[in-house]
Amino acid sequence: MTKKLLTTDEKIAEIGVSRQTLYRWRKMGIGPKYLEYGGCIRYLPEPLLAEHVGEMRVVKP
């Protein structure tokens, strides 16, 4: 089964954080895994476990 990549708004709704928090995490290299292509950010559809935030790293193809 293929999983759909999520937009920023969809990811915010999925994990319940603000846009600013998600942006800050991305700049710090932590938070949900994402792909960046053609200037667009897309997130992998997986719930964020708060206890693992510091362990997550950015994925850039």
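As a basis for the values below, the full set of heavy atoms in this structure was taken, side chains included, without hydrogen atoms, waters or symmetry mates. Predicted model only: the values in this text are computed from it and were never measured.
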Quiz item: With distance as the sole test, does K11 use its side chain to make a donor-acceptor pair with the main-chain N or O of L44 at under 3.5 Å?
Solution: yes
Quiz prompt | Qualifying residues under side chain to side chain contact (heavy atoms under 4.5 Å, CB included), relative to T7, sequence neighbours excluded | solution =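 Testing T7 for side chain to side chain contact (heavy atoms under 4.5 Å, CB included), a comparison that skips the adjacent residues, returns D9, E10, R42.
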Practice problem: To the nearest 0.5 Å, tell me how far L6 CG sits from L35 CG. | Solution: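 CG of L35 is found 10.5 Å from CG of L6.
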Quiz item: Once you round to the nearest 0.5 Å, how far does OH of Y23 lie from OG1 of T8?
Solution: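 Answer rounded to 0.5 Å: 11.5 Å.
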Please name the pair of heavy atoms, one in [X] and one in [Y], separated by the smallest distance, quoted to 0.1 Å.
X: I12; Y: V17; result: CG2-O, 2.9 Å
X: R26; Y: Y43; result: NH1-OH, 2.7 Å
X: I15; Y: P32; result: CD1-CG, 3.8 Å

